*Asks:* 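The following block contains the structure, expressed as C-alpha cells.
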Amino acid sequence: MLDLVLRSASLADKSGALLDIGIRNGRIAAVESNIAADAPQALLNGRLVIPGFVETHIHLDKSCILDRCRSEQGTLEEAIAEVAAAKRAFTEDDVYARASRTLEKAIGQGTMYMRTHVEVDPRVGLRSFNAIQRLKEDYRWAIDLQICVFPQEGLTNDPGTEELLIEACENGADLIGGCPYTDTDPNQQIQRIFAIARRFDIDIDFHLDFDLDPSWMHLDEVCRQTEKNGWADRVAIGHVTKLSAIGSERLDIVGRRLKDAGVAVTVLPATDLFLMGRGHEHSIPRGVAPVHWLARNGLTCSLATNNVLNPFTPFGDCSLVRMANLYANVAGLGRASDIAGCFDMVTTLAARLMNRKEYGIAPGAPADIVVIDGTNPLSAVAELLPPLFGLKRGRRSFTREATVLHRP
Ligand SMILES: [Zn+2]
C-alpha cells in the first residue's frame, strides 16, 4: 500500500523517460513506469522532480539587517565592521525572527538541505547559535539544517572566541568554520580549527582567499592540514575569489591540488560580485571563481547564496536556481552541458559537499521531493523556472501557484 503516487515525472539523470514515484511512510518505495496502485496521486505531466535544492553556504543569523547597517562603500571591510557593530545588539529572539524569515523564503524556493554559518565570539556570545538551534528543531518538518559555527573576526587575535566555539561544539554544532583572512595569524587559525574538528570529529568549512591578489593563497595551508589530519572529503572552502585572478594553467594546478587533498569549493556569486573589484572605477573585475572549470575536472563544487539583505549582499530571494543562473550568466556559459552543470552545483554536487548520504530519487531514499515547473535542469537554469511544490519525508511542505494568464 502506497500513501501517494507522483505520476509522469522527469528525473534529472534519466533523460526522456517518464516515471512514477511511489511514496510510503515518508520514503520512496518505488520509481518505475506505470505503478499500479489506487493510492492518492498527483499528475506531473513530465515535470522535473529533484530531491530538493541544497544550500551549502548561507548566514541566517545576520540576514535581514539592512535597516540597522550602512552599505555605502560596498567593501568587505565595511561589511565586517557594520555587522560587528550590529551584532552586539542581537538578541536570541531577534536572530530567530530574522533567520526564520530567510529560512521560510528558502523553503518556498525548494531548498531542503542547508548549511548555515553562525558567528560566535565574545560580542555575540552564543545568542545567535542558540537561536539557530531552536530554528533547526522548529523547521525540521521542511528542511534539514546543519549549523557551522565560526569566528568571523579572527580567532588567535580574539581572546575567548575559541572557548565559545568549543562550547558550541559541545552543545550540538554540526561543524566548524574558519575565516583566516581576518586573523592576525591565519595559519595558526587554520591549525586551531583542524584541532577542534578532530576533537569533535566534525567537518570543516572555511571562508577563504577572499580578495583578488593571487600572489599567495591560504588554500595551500588548508590542503596541507587536510592531508596531515586525514580530513579528505570533510573540508570545504568558500569564496576563493583569488581563483578568478589566475590563468587556466595555474587554475588546473590548483584544482588538482584541491582534488588530491579532498577539499571542495563553494562559490558565492552574489556576494563575490558585490564586494570584489571595489578599487576599480571601470572595467571592474567580476571576482567570481570559475568553478565550472574546476567541476569539469572532477572537483566537488557548489554554488550558494551566502548573504541575504545585509552589507555583504543587500539582495536576496534565497533561490538557488537564481544563483545557478547568475553564475552561468557571469561565467559566460553557453554550452548546454555547462549550463545544466550549474544545476548540479545546487543539487547533487552540493549534496556531496555536505556529505549527505541519502540524496536522490531512488527506492529507499527519504521522500524529499521538489517538483519544478519545467522538464529539465537546462531550462530550469536558463529560464529561472520556479518550484511548484515540495514533499519533506513524504509530507507536503510548501506549494506555489503556477502562473495563470487571464485571456479576454
Ligand atoms: Zn559566508
Side-chain angles (χ1 to χ4, degrees), residues 52-66 76 79-80 83 87 90 95-120 124 128-129 131-136 138-140 142-150 152 173-179 203-208 210 236-240 264-275 288 291 301-324 326-327 345-347 349-351 353-356 370 387:
F53 290 107
V54 182
E55 174 73 78
T56 61
H57 187 134
I58 196 168
H59 296 258
L60 294 176
D61 59 329
K62 58 183 176 190
S63 67
C64 308
I65 53 171
L66 280 179
L76 176 59
I80 292 174
V83 175
K87 77 180 165 190
F90 284 5
V95 173
Y96 187 95
R98 289 182 291 97
S100 60
R101 182 181 155 204
T102 304
L103 192 63
E104 287 184 16
K105 265 191 196 172
I107 292 166
Q109 300 284 12
T111 300
M112 289 193 163
Y113 309 91
M114 176 184 281
R115 173 178 291 177
T116 185
H117 290 259
V118 177
E119 295 188 18
V120 167
V124 74
S128 295
F129 172 69
I132 302 299
Q133 271 208 312
R134 273 168 52 204
L135 201 74
K136 177 177 172 172
D138 293 350
Y139 284 86
R140 199 178 279 284
I143 191 162
D144 292 305
L145 197 54
Q146 269 188 0
I147 302 178
C148 177
V149 289
F150 86 110
Q152 172 74 74
D174 298 292
L175 68 162
I176 182 92
C179 194
D203 295 355
I204 303 174
D205 200 329
F206 285 104
H207 290 75
L208 211 77
F210 194 14
I237 55 178
H239 294 296
V240 212
V265 173
T266 297
V267 162
L268 308 157
T271 304
D272 298 344
L273 280 166
F274 184 72
L275 293 177
V288 177
V291 75
C301 297
S302 72
L303 298 165
T305 300
N306 198 30
N307 281 292
V308 177
L309 304 176
N310 71 18
F312 291 87
T313 316
F315 316 113
D317 60 355
C318 302
S319 164
L320 283 169
V321 163
R322 187 176 70 83
M323 220 36 68
L326 178 64
Y327 177 84
M345 287 195 274
V346 292
T347 53
L349 290 176
L353 182 145
M354 281 178 56
N355 283 319
R356 290 216 60 97
V370 169

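Atom set for the values below is all heavy atoms of this structure, side chains included, hydrogens, waters and symmetry mates excluded. Bear in mind the structure is a predicted one, so any value in this text is a computation, not a measurement.
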*Asks:* Report the distance from atom CG of L275 to atom OG1 of T313, rounding to the nearest 0.5 Å.
*Replies:*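 Here the rounded value is 6.0 Å.
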
*Asks:* Using every non-hydrogen atom in the two residues, find where F90 and S128 come nearest and quote the distance to one decimal.
*Replies:*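 Heavy atoms only, the tightest pair is CD2-OG, 3.7 Å.
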
*Asks:* Using the side-chain hydrogen bond (donor to acceptor under 3.5 Å, both in side chains) criterion, which residues pair with T347? Sequence neighbours excluded.
*Replies:*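 Residues passing side-chain hydrogen bond (donor to acceptor under 3.5 Å, both in side chains) with T347: none at all.
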
*Asks:* Describe, in one word, how the ring planes of F315 and F274 are oriented to each other, choosing from parallel (under 30°), tilted (30 to 60°) and perpendicular (over 60°).
*Replies:*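 Judged by the thresholds at 30° and 60°, the geometry between F315 and F274 is perpendicular.
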
*Asks:* Which residue pairs pass the salt bridge (Lys or Arg N to Asp or Glu O under 4.0 Å) test with at least one member in residues 96-108, sequence neighbours excluded?
*Replies:*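 Output for this query lists D94-R98.
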
*Asks:* Going by atom types only, do T111 and E55 share a side-chain donor-acceptor pair under 3.5 Å?
*Replies:*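 There is no such pair between these side chains.
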
*Asks:* Can you find a pair of side-chain heavy atoms, one from R115 and one from I58, that are under 4.5 Å apart?
*Replies:*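 No, their side chains stay 4.5 Å or more apart.
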
*Asks:* Mind checking salt bridge (charged side-chain N to carboxylate O under 4.0 Å, His left out) for R134 and listing every partner two or more places apart, or none if nothing turns up?
*Replies:*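 In terms of salt bridge (charged side-chain N to carboxylate O under 4.0 Å, His left out), with neighbours along the sequence ignored, R134 is linked to E92, D93.
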
*Asks:* State whether a side-chain donor-acceptor pair under 3.5 Å links N306 with T271.
*Replies:*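 Per modelled atom types, N306 and T271 side chains form a pair under 3.5 Å.
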
*Asks:* Under the ring pair (Phe, Tyr, Trp, His ring centres under 6.0 Å) test, which residues partner F312, sequence neighbours left out?
*Replies:*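 Listed in chain order: nothing, the list is empty.
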
*Asks:* Taking only residues two or more places apart in sequence or in another chain, which ones pass ring pair (Phe, Tyr, Trp, His ring centres under 6.0 Å) with F129?
*Replies:*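 Counting only residues at least two positions away or on another chain, F129 forms no ring pair (Phe, Tyr, Trp, His ring centres under 6.0 Å).
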
*Asks:* Please verify the inter-ring angle class for H239 with F210; under 30° counts as parallel, over 60° as perpendicular, anything in between as tilted.
*Replies:*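 Because their plane-to-plane angle is under 30°, the rings of H239 and F210 count as parallel.
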
*Asks:* Looking at every heavy atom in both L349 and C301, which two are closest together, and how far apart are they?
*Replies:*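 The answer is CB-O, 3.2 Å.
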
*Asks:* Please identify each residue that fulfils salt bridge (charged side-chain N to carboxylate O under 4.0 Å, His left out) with K136, with sequence neighbours left out.
*Replies:*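 Partners of K136 by the salt bridge (charged side-chain N to carboxylate O under 4.0 Å, His left out) criterion, ordered by chain and then number, come out as D174.
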
*Asks:* Among all residues two or more places apart in sequence or in another chain, which pass the side-chain hydrogen bond (donor to acceptor under 3.5 Å, both in side chains) test with Q133?
*Replies:*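 Not a single residue meets the side-chain hydrogen bond (donor to acceptor under 3.5 Å, both in side chains) criterion with Q133.
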
*Asks:* Flag the pair K87 / D61 as yes when at least one side-chain heavy-atom distance between them is below 4.5 Å, and no otherwise.
*Replies:*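 Answer no - side chains too far apart.
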
*Asks:* Should L175 and I204 be marked as a side chain to side chain contact (heavy atoms under 4.5 Å, CB included) after you check the CA-CA gap, both sets of side-chain angles, and the distance that decides it?
*Replies:* CA-CA 6 Å; L175 68 162; I204 303 174; over 6 Å; no

*Asks:* Identify the two heavy atoms, one from V124 and one from V120, that lie closest to each other, and give their separation to 0.1 Å.
*Replies:*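 Heavy atoms of V124 and V120 come nearest at CG1-CA, 4.3 Å.
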
*Asks:* Are the side chain of Y327 and the backbone of L268 linked by a donor-acceptor contact shorter than 3.5 Å?
*Replies:*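 No, Y327 side chain to L268 backbone: no donor-acceptor pair under 3.5 Å.
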
*Asks:* Please examine the side chains of M114 and Q146, heavy atoms only from C-beta on, and report whether any two atoms are closer than 4.5 Å.
*Replies:*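 No, every pair of side-chain atoms sits at 4.5 Å or beyond.
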
*Asks:* In the structure I gave you, are the side-chain heavy atoms of M323 and P269 within less than 4.5 Å of one another anywhere?
*Replies:*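 They are in contact (side-chain heavy atoms under 4.5 Å apart), so the answer is yes.
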
*Asks:* Say whether, by atom type as modelled, one donor and one acceptor occur between the side chain of D205 and the main chain of G177 under 3.5 angstrom.
*Replies:*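 Not at all, since once roles are kept as given, no pair shorter than 3.5 Å links the two residues.
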
*Asks:* Enter the distance from R356:CZ to T56:OG1 here, rounded to the nearest 0.5 Å.
*Replies:*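 Going from the CZ atom of R356 to the OG1 atom of T56 covers 13.0 Å.
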
*Asks:* I'd like to check the ring pair (Phe, Tyr, Trp, His ring centres under 6.0 Å) partners of Y113; sequence neighbours left out, ordered by chain and number.
*Replies:*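 Counting only residues at least two positions away or on another chain, Y113 forms a ring pair (Phe, Tyr, Trp, His ring centres under 6.0 Å) with Y359.
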
*Asks:* D272: which residues meet the salt bridge (charged side-chain N to carboxylate O under 4.0 Å, His left out) condition with it, sequence neighbours left out?
*Replies:*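 Partners of D272 by the salt bridge (charged side-chain N to carboxylate O under 4.0 Å, His left out) criterion come out as none, since no residue qualifies.
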
*Asks:* Applying side chain to side chain contact (heavy atoms under 4.5 Å, CB included) to I107 and Y139, what does each step give before you reach the verdict?
*Replies:* CA-CA 9 Å; I107 292 166; Y139 284 86; 3.7 Å; yes

*Asks:* Which pair of non-hydrogen atoms, one from V149 and one from A173, has the smallest distance, and what is that distance?
*Replies:*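 Between these two residues, the closest heavy atoms are CG2-CB, 3.9 Å.
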
*Asks:* Using side-chain heavy atoms (C-beta onward) and a distance below 4.5 Å, is L103 in contact with I143?
*Replies:*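 They are in contact (side-chain heavy atoms under 4.5 Å apart), so the answer is yes.
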
*Asks:* How far does OG1 of T305 sit from CG of L303, to the nearest 0.5 angstrom?
*Replies:*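 Output value for this atom pair is 9.5 Å.
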
*Asks:* State, yes or no, whether a side-chain contact exists between M112 and F53 at a heavy-atom distance under 4.5 Å.
*Replies:*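 The answer is no, as the side chains (C-beta and beyond) never meet within the 4.5 Å cut-off.
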
*Asks:* Can you sort out the partners of S63 under side-chain hydrogen bond (donor to acceptor under 3.5 Å, both in side chains), two or more places apart, ordered by chain and number?
*Replies:*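 side-chain hydrogen bond (donor to acceptor under 3.5 Å, both in side chains) list for S63, sorted by chain: T102.
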
*Asks:* Any non-hydrogen side-chain atom of T116 less than 4.5 Å from a side-chain atom of V118?
*Replies:*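 Yes - at least one pair of side-chain heavy atoms lies under 4.5 Å apart.
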
*Asks:* Which pair of non-hydrogen atoms, one from G110 and one from P387, has the smallest distance, and what is that distance?
*Replies:*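 Smallest interatomic distance, heavy atoms only, reads N-CG, 4.0 Å.
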
*Asks:* Tell me whether the centres of the aromatic rings in H117 and F206 are closer together than 6.0 Å.
*Replies:*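 Between H117 and F206, the centre distance exceeds or equals 6.0 Å.
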
*Asks:* With sequence neighbours left out, write down each residue that passes side-chain contact (heavy atoms from CB on, under 4.5 Å) with S319, or none if nothing qualifies.
*Replies:*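 Q109, D317, V321, R322.
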
*Asks:* May I have the step-by-step check of side chain to side chain contact (heavy atoms under 4.5 Å, CB included) for N310 and C64, ending in yes or no?
*Replies:* CA-CA 6 Å; N310 71 18; C64 308; over 6 Å; no

*Asks:* Side chain of D203, backbone of M354: donor and acceptor closer than 3.5 Å?
*Replies:*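 No; judged by distance alone, with no hydrogens or angles, the pair does not exist.
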
*Asks:* Where do P314 and L309 come nearest, in terms of heavy atoms and distance?
*Replies:*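 Shortest heavy-atom contact: O-CD2, 3.7 Å.
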
*Asks:* Output all residues satisfying side-chain contact (heavy atoms from CB on, under 4.5 Å) with A99, sequence neighbours left out; order by chain, then residue number.
*Replies:*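 By the side-chain contact (heavy atoms from CB on, under 4.5 Å) rule, A99 matches L60, I132, L135.
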
